[in-house]
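These notes concern the structure reproduced below.
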Amino acid sequence: QVQLVESGGGLVQVGGSLRLSCAASGSIFSSSSMGWFRQGPGKERELVATITRSGGNTYYADSVKGRFTISRDNARNTVYLQMFSLKSEDTAVYYCAAVHGAVSSYYYTRTGSYDYWGQGTQVTVSS
């Protein structure tokens with residue numbers, strides 16, 4: 001049974017920072033490309049950032065480029081999303097997801113490519 005458990009969400013003011021974590025159980029982490037998605041109120045789920053198995057390559061949505069950083073620690077089976085300069089439009093439920101058996105050095109941008117999902121963590125940015 002694979003589980004992805006997000007943590008680190010909360011309420012923050014505009015311009016503030018948060019770091020999300022996603023811990024993976026099971027044995028899939030090191031062979032998985034990981035991604036962070038979000039779904040705001042009344043919006044579709046969208047990709048925020050993704051990272052390859054080794055962590056060597058990353059991809060960011062234009063809306064977060066330069067403000068968010070995705071990273072991973074394969075020894076801890078954990079992927080992180082560091083968020084700076086938060087805006088009200090970043091308010092959403094944030095999900096981590098995994099592409100099991102990912103091609104090395106390849107990141108995945110399509111929601112349908114992801115096999116496993118966490119339950120989500122709420123991020124609220126207030127002004």
Side-chain angles (χ1 to χ4, degrees):
Q1 183 82 16
V2 175
Q3 282 190 315
L4 301 176
V5 180
E6 302 97 336
S7 61
L11 175 64
V12 64
Q13 290 188 327
V14 169
S17 302
L18 278 176
R19 188 176 82 154
L20 306 183
S21 300
C22 172
S25 65
S27 59
I28 72 162
F29 190 79
S30 62
S31 63
S32 296
S33 177
M34 301 297 295
W36 283 98
F37 291 76
R38 68 185 181 186
Q39 187 165 15
K43 298 181 180 179
E44 293 186 354
R45 191 171 298 189
E46 62 175 357
L47 176 69
V48 175
T50 181
I51 188 167
T52 54
R53 286 168 51 177
S54 66
N57 290 314
T58 56
Y59 170 90
Y60 296 92
D62 288 342
S63 58
V64 306
K65 204 172 292 183
R67 299 188 299 121
F68 291 10
T69 301
I70 188 172
S71 61
R72 66 188 294 162
D73 184 339
N74 285 349
R76 296 178 182 270
N77 286 357
T78 302
V79 62
Y80 304 96
L81 185 68
Q82 178 69 58
M83 305 184 291
F84 295 103
S85 302
L86 283 161
K87 306 176 180 180
S88 56
E89 51 262 44
D90 295 320
T91 294
V93 178
Y94 284 72
Y95 300 89
C96 73
V99 179
H100 182 38
V103 175
S104 182
S105 300
Y106 191 82
Y107 52 70
Y108 297 78
T109 60
R110 299 178 66 176
T111 305
S113 298
Y114 288 78
D115 306 296
Y116 300 100
W117 292 82
Q119 82 290 348
T121 186
Q122 176 70 47
V123 172
T124 302
V125 185
S126 70
S127 55

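Numbering starts at 1 and runs along the sequence shown. All heavy atoms count here, side chains included; hydrogens, waters and symmetry mates do not.
- In the hydrophobic cluster analysis, where Ile, Leu, Val, Met, Phe, Trp and Tyr join through side-chain heavy atoms closer than 4.5 angstrom, Leu47 is grouped apart from Val79.
- Put simply, the side chain of Asp73 never gets that close to the backbone of Thr78: no donor and acceptor are under 3.5 Å apart.
- A continuous path of hydrophobic side-chain contacts links Trp36 to Val64 [ILVMFWY only; heavy atoms under 4.5 Å].
- The two residues Ile28 and Ala98 have their closest heavy-atom pair at CD1-CB, 4.1 Å.
- Using a distance-only test at 3.5 Å, with no hydrogens or angles considered, no donor-acceptor pair links the side chain of Thr91 to the main chain of Thr124.
- Going from atom OG of Ser54 over to atom CZ of Arg72 covers 7.5 Å, rounded to the nearest 0.5 Å.
- Below 30°, between 30° and 60°, or above 60°: for Tyr114 and Tyr108 the angle between ring planes is above 60°, a perpendicular geometry.
- Atom CZ in Phe68 sits 8.0 Å away from atom CG in Leu20 (nearest 0.5 Å).
- Cluster membership check: Tyr116 does not share its hydrophobic cluster with Phe37, using side-chain heavy-atom separations under 4.5 Å among Ile, Leu, Val, Met, Phe, Trp and Tyr.
- In this structure, the side chain of Asn74 engages the main chain of Arg53 through a donor-acceptor pair within 3.5 Å.
- We find the SG-CE distance between Cys96 and Met34 to be 5.0 Å, quoted to the nearest 0.5 Å.
- Follow the hydrophobic side-chain contacts under 4.5 Å out from Val99 and you never reach Leu4; the two are in separate clusters.
- The main-chain N or O of Ser33 is never found under 3.5 Å from a side-chain atom of Thr52 such that the two would form a donor-acceptor pair.
- How far CZ of Arg19 is from CG of Leu81: 10.5 Å, rounded to the nearest 0.5 Å.
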Step-by-step side-chain contact (heavy atoms from CB on, under 4.5 Å) determination, Ser126 to Leu11: CA-CA 7 Å; Ser126 70; Leu11 175 64; 4.0 Å; yes
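- Looking at heavy atoms from C-beta onward, Val14 lies out of side-chain contact with Leu86 at the 4.5 angstrom threshold.
- In this structure, the separation between CD on Gln82 and CD1 on Ile70 is 12.5 Å, given to the nearest 0.5 Å.
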Step-by-step side-chain contact (heavy atoms from CB on, under 4.5 Å) determination, Thr111 to Trp117: CA-CA 10 Å; Thr111 305; Trp117 292 82; 3.6 Å; yes
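- Shown here for Ser85 and Ser17, the closest heavy-atom pair between the two residues is N-OG, 4.4 Å.
- For the pair Arg38 and Tyr95, the cation-pi criterion (under 6.0 Å, within 45° of the ring axis) is not fulfilled.
- A heavy-atom distance below 4.5 Å is found between the side chains of Ser21 and Ser7.
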Residue pair His100, Ser31: steps toward the side-chain contact (heavy atoms from CB on, under 4.5 Å) verdict: CA-CA 6 Å; His100 182 38; Ser31 63; 3.4 Å; yes
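- Classification of Lys65 and Asp62 as a salt-bridged pair holds, one side-chain N sitting under 4.0 Å from a carboxylate O.
- Cation-pi geometry between Arg67 and Tyr60 is not satisfied (NZ or CZ under 6.0 Å from the ring centre, within 45° of the ring normal).
- Val93 and Met83 are members of different hydrophobic clusters when ILVMFWY side chains are connected at heavy-atom separations under 4.5 Å.
- The backbone N or O of Gln119 lies less than 3.5 Å from a partner atom in the side chain of Glu6, making a donor-acceptor pair.
- Counting only heavy atoms from C-beta outward, the side chains of Ile51 and Asn57 never approach each other to under 4.5 Å.
- Rounding to the nearest 0.5 angstrom, the gap separating the OH atom in Tyr107 from the OG atom in Ser113 is 13.0 Å.
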